[in-house]
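See below for the structure under consideration.
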2 protein chains.
Amino acid sequence: MTDVVTPPTSPVSRERSKEIKRSSVISAARSARVLSRAELTELTGLSPATLTPLVRDLIAEGYLIERGPGASRAGRPRAILEFNPRAELVAAVALEPARISCEIADSDGAVIAHRTVRRTGDIVDLICTAVPELAGDGLPALRGVAIAAPGVSTGGAVRLAPSVGLVEARPVGESVQRRLGVPVVVDNDVNLMAAGEHAAGAGTDVADLLLLHVADGIGAGLVLDGQVRRGSGGAAGEVGFLPLDPADRGHDGIGPFEARWSAGAIAERVVALAPGRRPAAPVRALVELAATDERAGAYLAEVLTAWARLIVSCACVIDPGRVLLSGAAADLDDAAVDRLQTLVSAGAPSPTEVRRAVLGDQAVLHGAVSYALSAAASGLSTLLPAP
Amino acid sequence: MTDVVTPPTSPVSRERSKEIKRSSVISAARSARVLSRAELTELTGLSPATLTPLVRDLIAEGYLIERGPGASRAGRPRAILEFNPRAELVAAVALEPARISCEIADSDGAVIAHRTVRRTGDIVDLICTAVPELAGDGLPALRGVAIAAPGVSTGGAVRLAPSVGLVEARPVGESVQRRLGVPVVVDNDVNLMAAGEHAAGAGTDVADLLLLHVADGIGAGLVLDGQVRRGSGGAAGEVGFLPLDPADRGHDGIGPFEARWSAGAIAERVVALAPGRRPAAPVRALVELAATDERAGAYLAEVLTAWARLIVSCACVIDPGRVLLSGAAADLDDAAVDRLQTLVSAGAPSPTEVRRAVLGDQAVLHGAVSYALSAAASGLSTLLPAP
DNA sequence: ATAGTTCGTTCGCCGTAGGAAGGAAGTGTG
DNA sequence: CACACTTCCTTCCTACGGCGAACGAACTAT
């Protein structure tokens, strides 16, 4: 301890390549859950000699837990290593008009803590106090925060953002990132759902998908080549604006298509068909009505035809291969989904599979987990310092 | 020199990081064209000591040429290094119904040799003899081959491929790759054009763009986040199939939109408006006619409206930010492009800039260059589109 | 000339990756 | 029960690449 003025040995690509090995081991362990060092050498291609100290570090940091020897089928048994999902926590914050909901999840997407708070004061303050409180002593393991805002996106399509009092999304993300010191992602809720279904739902087996979310408006989340694509202005997936019928007209930030075929628009027709309370789940109500009421059946067919044209349009432009129905569209029964599939197959230039999304309300959470984990990992995307 | 039995030292991440440095130097040199070692240290972040041997190698391999000392403004003058585009050659092969055209270009996209040959015998044989012949003694510098086929793409949308006698694109690419020993990419010509405009045309300044190519059919090439995206079945950009008007009907692999608004369809109307020979450039003819003929003006307005709806549809789905008009659509004059821009701005949910593509016939070639260079750079694996 | 400045190179240290070899912990077999 | 045999993991050691530092090279300014 004479002269600690020495930080020579520049930290360039040397440390980076170590980081890369580290994260490749972590991600192998994350997907295998339980494995031995021997399996790690196969999965990562690293030599045993390289792995030994690396695994030692990871155990010390809590990423891996040594579980003692496993069964052996001749020879020394493999020491079982178990991945500890709690080693990586993620916060998902959903902005809603009057409140924010905040969840802490581990890297399996299992919710560890959950809270909803009224919107008071500054959003950034609110988030920056709620998240650490909720994370408690797990805070050091926090790897990222994902903030979901309805219809956010830079540039166009802020139509829903005003409802949560957000004009610019970016400053919020940057502020939180600075205050909490972890990567923060702010994105459209529909994009997060798409990421969630891709990571842990009905799209784990494909690289491309489109999630069609029908609610008060209609929006789509787009995964291409394994990544959520937002387009140049963040308005990718604004399919409610598709001009599929010259007769339709949008207004005030409502697109022409969604003006007529969103859950809200359908609800009005359902009320007309079956007077009474406005149904909370209009599509489910419509499907039930259609079983007995001929006029409802005809209208359901109209809805399916319109949605099919929407899906075909998307297929023509980006050919997602798989389309997931979310929100009100997930309320269709099997028969209706089949009819939709038939209509889509007739019009799409390439095979396009239509099915329901499976994560429901959990989709945003899983998307947040996936974002946050890849954000933490991508810190080392470039081996070399930027130009 | 006793026992030179030692080639162990496994080629894992050690050599990779060297490769990365190498290619980062090459790409810096490629974009700067002329630079000194001192500039390389700034551009790449590598230390001078690391660069010295690396640059020596590159000079020996012909990538760089030392041009002697440059001007100095105090101190030792920088030794000028010039990037040698001839060090990296690329072959672009275009499949047409009756012939194939083959070009050798350097990494600037400058054509070094060109030949058109009649289609005789096996395509693979033809390519594998024509390319080496044309490359001549530059063959060792060949970094890749790009094969452009109209409407290829695996899965759906093989509508134009039969015209060149190709049912499956992949085997051709794989065979050529095996025979020539360099990376081979087979792709849709429109995708190649989009890549070309992105690399060297009207899209060098953006990460996302959509190239709308109007010919006998209508197709689009899609660049998102700097990469050409083909979709799950390779049918991304089949915008001719968009169902934008319930009245339109496609037939026999012709989409509903392109049946009515392609160059061929427009040509028929132009003939009706101004009897005579069927014009080779119907859109140009229409624009000229519209200056004097009122009916032609009305029809031009119709065409612009239809194309605008097409562009808006694409903007809603993927928000490319910039749309390039190619093929017959590039024949619009400035006034017509402005009108199109206005129509698009009125309907798109996000700012979308419409302009003409600039590379014309050279677009495919530049796309091929860009593909082949990135193929050589990323060294790894399947550059063939689609599973 | 001499000093000053900037470029490029050689030298040598250091850290890391991974090969080789050896210890550890089991299962089968005489 | 001893003794191979197999497989897993670790320790030792070497080769190699990156880069800091010092040095030589080339030119300007005074």
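Here is how names work: the chains are called A, B, and so on, in the same order as the sequence lines, proteins then strands, and each is numbered from 1.
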Classify the side-chain pair B:Y63/B:N84 by whether it contains a donor and acceptor separated by less than 3.5 Å. no
Ignoring the backbone of A:K21, work out which of C:dA17, D:dC27, D:dT10 is nearest its side chain. C:dA17
Measure from the side chain of A:R76, starting at C-beta and using heavy atoms only, and say which of C:dG23, D:dG20, C:dG26 lies closest. C:dG23
A:R56/A:E66 ion pair, N-O < 4.0 Å: no
Would you call A:E174 and A:R179 a salt bridge, taking side-chain N to carboxylate O under 4.0 Å as the test? no
Of B:L54, B:T44, B:I26, the residue whose pairing with B:K21 passes side-chain contact (heavy atoms from CB on, under 4.5 Å): B:L54
So which atom in B:L51 and which in B:V25 form the shortest heavy-atom distance, rounded to 0.1 Å? CD2-CG2, 3.8 Å
Checking contacts here: which listed nucleotide (C:dT10, C:dG23, C:dA17) is nearest the side-chain heavy atoms of B:A49? C:dT10
Distance below 4.0 Å between B:R37 side-chain N/O and C:dT6 OP1 or OP2: no
Under 4.0 Å, heavy atoms only, any strand: does A:A38 hit a base, just the sugar-phosphate, or nothing? sugar-phosphate
Please pick, from D:dC9, C:dG18, C:dG8, the nucleotide with the shortest atom-to-atom distance to any side-chain atom of B:R78. C:dG8
Check: B:D108 side chain, B:P85 main-chain N or O, donor-acceptor pair, under 3.5 Å: no
Between the axis at one end of the helix from C:dA1-D:dT30 to C:dG30-D:dC1 and the axis at the other (five pairs apiece), what's the angle to 10 degrees? 10°
Residues from residues 54-62 of chain A sitting under 4.0 Å of DNA chain D, heavy atoms only? A:R56
